[in-house]
Each structure stands twice: as C-alpha cells, then as structure tokens.
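Below is one structure; the comments refer to it alone.
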Amino acid sequence: MRYGYFDNERREYVIEKVDLPTSWTNYLGVEDTCVVVNHTAGGYMFYKTQEYHRITRFRGNSIPMDRPGHYVYLRDNETQDYWSISWQPVGKPLEQANYTCRHGMSYSVYECEYSGIKASQKLSVPMGDAVELWDVTLENKSDKVRNLGIFSYAEFSFHHIMIDNQNFQMSMYCAGSSYEDGIIEHDLFYEEFGFQYFTASFEPDGYDCLRDQFIGLYRTEDNPIAVENGKCSGSAELGNNHCASLQKNIVLQPGEKVRMVFMLGEGNRDTGRKIRDKYGDFQNVDAAYGKLHDFWQDKFDKLQIRTPNEGMNTLINTWTLYQSEINVMFSRFASFIEVGGRTGLGYRDTAQDAMTIPHSNPGMCKKRIVQLMKGLVSEGYGLHLFQQRGSGICKGNRGNGVLRGKSHLCR
C-alpha cells in the first residue's frame, strides 16, 4: 500500500492517503520549544522538558488514536456543515474531501479541499521565540459567496504529565484561564512562571477557555458543540480543564483568499501581545520560515552523498540526519511511544545519535560525549539511563534497579 512519497526538492514527506495504520510524526522547533505532531495534527507541545513543562495535553495509546491535537475547524454558516483542515478530528469521508499532509524540516502542513473551500494549516516554531504558529489560508474555489466560521482548538496541560492523569482533586483546581484583549491566558497557580497564551492575528468574534464548554457533554473533538452551534460560549474559570479556542467569522467572495495566524506560546498575556505584534505581520512569519530553512540547509550542506540508489540518497542526505539532530536536541523520550513520562539520556541511544552529527553539530556532539562519559561508573559500565541533575549527582538506571552515581558527577 502506497501512502505517500518523498519530495526531495522540498525535503518533505508527502502523505496523500491520510488514513495511515499508525502515526507518522514530525518534530517542530530546534531550541527550547518542541511540538510532536502527527499526520492528522494530533500531538503535544512542551517547553524545555516534556515531563515537567507540557503545554498541551496528549492521551497516548488511546481510542481514538492520537488525541487531542492542534486543530482548526471550518464551518459553513449557511449549511451548518463543518470539518477540520486536518483530516482528524472530524474525519470527513475521504471520497468526499481531498486531504494531504506534508512533513518538512521543522514544519508540517495540512491541506484539504472540501465543499468548495481550499484550506491549509502550517504548523511551525520560529527560531528565537517560544511560540507555535498556526498559519492558516482559506480560498473560496466555488462560484458563490461563502459565510464561514473558523475555530481553533488545543487542550492545555497541567504541565506535569502525572498531574494530567491523577489526583484530580488537586489538579482540577491548580489552573485557571481568562480572556482579555483577544488573548487567552492559561495560569498554573502553583508555579511561578506557569503561564501560556493563545492569540491570533485578527480580532476574535468569540472564544472558549474551558474544554468542556467548547466540546460539550458526551462529545469528543469529533463533534464539539461550539462548532456545531457556530458560536463559542465565552467560557473561562479559575479551575477545571482549559483549552484555546478563538472564533472568527468571515465572508469569502468567489476566488477570494484570506490568511490568518494563530499563536500558542509560553508566557503571560503581555508576552502574547508582543508576539502578536510581531507575527501579526506576515512578513515576519515568512522570514521565520526562511530562517528555519537556512538552519537546516546549513547542516545538509556539510555532507551530501551520491549513490546509484535514489532511496539511499534520500534517506542519508535528509532523513537520517534530520532524525538524529532531533534526537540530540530533545532526546528519544519525546514521541508518541515515549510520551514524556520520563526524561534523561539512554546510553546506547545517545551514543548512536551523537556519532551521526559530528559534521553538522560538533558542539552538541561533544556535549553528548562528555555527558556519556559522566554516565560511566567505577565498575566500568555505562548506566542504561541517566538523568542530568545540574551540579548534583547523576541518577541512573541499571536493569530494573536504580543506581546512584559513585564517581560520575553530572555538572
């Protein structure tokens, strides 16, 4: 079964048959902010640590698969029909709509054409800013005026992956949300810097900060009540589960095209204003794409091979290096398999990753080698898994037991 193809010119994997039997994930971000996202926009975002500073929630190994995510819903306000730009979560029949996903170097693009509307949602994390951009374009391909509602959706996390999944008496009261000046602010009360924001390049026509108000009782992300009704409820609360939903109503003339950018970031409302001022200018959005392109192109230019096998060229010249660089940046504990329940460095995995990037990232290669040396113990073996503890002592794992370091300080 063929699901897609490698576009070597753009360095993308293009998924044309989106009902994959399992997730095809990508990683957005090359600094402190990372988004792990799949071919249907399911996934999660974290800042610096996937275990202790999750920004959006994720339910791994669940049914439906790979929920929730970073979604944009579209609604025809005349027919009351609605769909999502990514195939999931609404999941329109594939014979009625044309869905594709393109995973590129630190960006993913979701495209669909349904009911005469061509839509695109590009996710990326610009260098230098702790924010994820949702770059949305809509085009009216029909011959009539279209009245559309646009709704964003992401579910905020309580930061710590364990708090997301237990002790709800505490966790349900540890966070709050508010809306002001076109910005949703999510506040983790028990953390000094526990703020996230969600805003957009436009003035919203509605909002919801409470997950259960947006989704509705006995519903899922498939059929949120706010989208079905065509109107957010303006919910916010100092407690409960929280989400990021901004609503915009637009009228598109035949052939008309519109662009808007949602912004999900680390920081409080004041930070959100600054980021909105910056990326509300689409020239800055396009410049961020160029900077990411140059970042990866510089790495690829360090080594390119030519063999008689095109598949080997594709694998080595782009995807092996890309995967190794991402692993070195964020470790292998951020994925849909390791969903952030533990952090640290696996000895074998880290060694394998580091040995592939001395030409493209010598600084990180050296850093990982030094860390691996500090993961050695006096008996002569390396710890299977060890955790960097600032100026403290490594805590490592040997088999099923925990071994506290002897001669291996991790500074």
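Just so it is clear, the values below take in all heavy atoms, side chains as well, and ignore hydrogens, waters and symmetry mates. Nothing fancy with the numbering, it's 1 onward along the sequence.
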Check the pair Val72, Ile150 against side chain to side chain contact (heavy atoms under 4.5 Å, CB included), reporting the backbone distance first and the verdict last. CA-CA 7 Å; Val72 174; Ile150 298 95; 3.9 Å; yes
Begin from the C-alpha positions of Thr25 and Asn38 and carry the test side chain to side chain donor-acceptor pair (under 3.5 Å) through to its verdict. CA-CA 4 Å; Thr25 54; Asn38 81 338; over 6 Å; no
Passes salt bridge (charged side-chain N to carboxylate O under 4.0 Å, His left out), Lys248 versus Glu203? Steps please. CA-CA 8 Å; Lys248 185 64 179 176; Glu203 182 177 348; over 6 Å; no
Run Glu155 and Arg59 through salt bridge (charged side-chain N to carboxylate O under 4.0 Å, His left out) and show every step you take. CA-CA 11 Å; Glu155 184 178 345; Arg59 299 175 183 85; 2.8 Å; yes
Passes side chain to side chain contact (heavy atoms under 4.5 Å, CB included), Trp296 versus Arg11? Steps please. CA-CA 10 Å; Trp296 285 109; Arg11 297 189 189 274; over 6 Å; no
What's the verdict on ring pair (Phe, Tyr, Trp, His ring centres under 6.0 Å) for Tyr110 and Trp87, showing C-alpha distance, side-chain angles and the deciding distance? CA-CA 8 Å; Tyr110 307 94; Trp87 178 46; over 10 Å; no
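Atom-to-atom distance recorded for Lys48:NZ and Asp32:CG is 5.0 Å, nearest 0.5 angstrom. To the nearest 0.5 Å, atoms OG1 (Thr199) and CD1 (Ile184) are separated by 8.5 Å. Note: Cys112 SG to Ile117 CD1 = 9.5 Å, rounded to the nearest 0.5 Å.
Annotation: cation-pi geometry not satisfied between Arg269 and Phe195 (NZ/CZ under 6.0 angstrom from ring centroid, within 45° of ring axis). Judged by the 6.0 Å distance and 45° axis criteria, Arg57 is not positioned over the aromatic ring of Phe156. Judged by the 6.0 Å and 45° rule, Arg102 forms no cation-pi pair with Tyr13. Cation-pi contact between Lys299 and Phe295: present, with separation from the ring centre below 6.0 Å and deviation from the ring axis of at most 45°. At least one cation-pi condition fails for Arg75 and Phe151: the charged atom is not both under 6.0 angstrom from the six-membered ring centre and inside a 45 degree cone around its axis.
Between Tyr27 and Tyr107, the distance separating the two ring centers is not shorter than 6.0 angstrom. Between Trp134 and Tyr279, the ring center distance fails the sub-6.0 Å criterion. Residues Tyr381 and Tyr347 place their aromatic rings such that the two centres sit no closer than 6.0 Å. Two rings, from Phe46 and His53, have their centers 6.0 Å or more apart. Checked against the 6.0 Å centroid threshold, Tyr3 and Trp24 do not count as a close aromatic pair. Tyr207 and Tyr179 have their aromatic ring centers within a separation under 6.0 angstrom.
Other residues, nucleotides and ligands place no more than 12 heavy atoms under 6.0 Å from the CD atom of Gln323. Few gaps surround CG on Asp301; more than 12 heavy atoms of other groups in view lie less than 6.0 Å from it. A 6.0 Å sphere centred on CG of Leu94 holds more than 12 heavy atoms belonging to other residues, nucleotides or ligands.
Put simply, the side chain of Asp164 never gets that close to the backbone of Ser157: no donor and acceptor are under 3.5 Å apart. The backbone N or O of Gly104 lies less than 3.5 Å from a partner atom in the side chain of Tyr322, making a donor-acceptor pair. With Asp208 contributing its side chain and Ser233 its backbone, the two residues share a donor-acceptor pair below 3.5 Å. A donor-acceptor contact shorter than 3.5 Å is absent between the side chain of Lys374 and the backbone of Val370. With hydrogens and angles disregarded, a donor-acceptor distance shorter than 3.5 Å links the side chain of Thr56 to the backbone of Met45. Although no hydrogens or angles enter the test, the distance criterion places no donor-acceptor pair under 3.5 Å between the side chain of Asp129 and the main chain of Val131. Between the Gln121 side chain and the Val109 main chain, no donor and acceptor come within less than 3.5 Å of each other. With hydrogens and angles disregarded, no donor-acceptor distance shorter than 3.5 Å links the side chain of His103 to the backbone of Cys101. The backbone N or O of Leu252 sits less than 3.5 Å from a side-chain atom of Asn140, completing a donor-acceptor pair. Side chain of Arg276 to backbone of Gly280: no donor-acceptor contact under 3.5 angstrom is found.
Salt bridge Arg273/Glu180: present, at least one basic N to carboxylate O contact under 4.0 Å. Electrostatic pairing of Lys118 and Glu111 does not count as a salt bridge here, judged by no charged N lying under 4.0 Å from a carboxylate O. Contact check on Arg211 versus Glu221 returns no salt bridge, with no Lys/Arg side-chain nitrogen under 4.0 Å from an Asp/Glu carboxylate oxygen. The residues Lys291 and Asp294 are annotated as not salt-bridged, no charged nitrogen and carboxylate oxygen being separated by less than 4.0 angstrom.
For the residue pair Arg146 / Ser115, a side-chain donor-acceptor distance below 3.5 Å is found, with atom types taken as modelled. Between the side chains of Asp76 and Gln80, no donor-acceptor pair is found at a separation under 3.5 Å. Looking at Asp81 and Thr79, their side chains never bring a donor and an acceptor atom within 3.5 Å of each other. A donor and an acceptor atom, one from each side chain of His159 and Glu191, are located under 3.5 Å apart. Using modelled atom types and a 3.5 Å distance limit, the side chains of Ser324 and Asp353 yield no donor-acceptor pair. Of the N and O atoms on the side chains of Gln371 and Thr350, not one donor lies less than 3.5 Å from an acceptor on the other residue. Side chains of Asn361 and Glu325: a donor-acceptor N/O pair is present below 3.5 angstrom, by distance only. Side chain to side chain, Glu16 and Tyr5 fail the donor-acceptor criterion of an N or O pair below 3.5 Å. Checked by atom type, the side-chain pair Tyr289/Asp135 shows a donor-acceptor distance below 3.5 Å.
Closest of all the heavy-atom pairs between Cys232 and Ala226 is CA-CB, 4.2 Å. Pairing each heavy atom of Ala130 with each of Tyr47, the nearest pair is CB-CE1, 3.8 Å. Between Ser235 and Leu210 the shortest heavy-atom distance is OG-N, 3.2 Å. Closest non-hydrogen pair, Thr22 versus His39, comes out as O-CE1, 3.7 Å. Between Glu256 and Val251, the shortest heavy-atom distance links the atoms OE1-O, 3.8 Å. Heavy-atom minimum distance, Val125 versus Gly29: CB-CA, 3.8 Å.
Ring planes of Tyr71 and Tyr153: parallel class, angle under 30° (limits at 30 and 60°).
Of the residues Val30, Leu292, Thr318, the one that meets the side chain to side chain contact (heavy atoms under 4.5 Å, CB included) test with Met105 is Thr318.
For the pair Glu185/Asn268, a side-chain contact is recorded, criterion being any heavy-atom separation below 4.5 Å from C-beta on. Considering only heavy atoms from C-beta on, Val35 stays 4.5 Å or farther from Leu123 through its side chain.
With sequence neighbours left out, the salt bridge (charged side-chain N to carboxylate O under 4.0 Å, His left out) criterion links Lys122 to no other residue.
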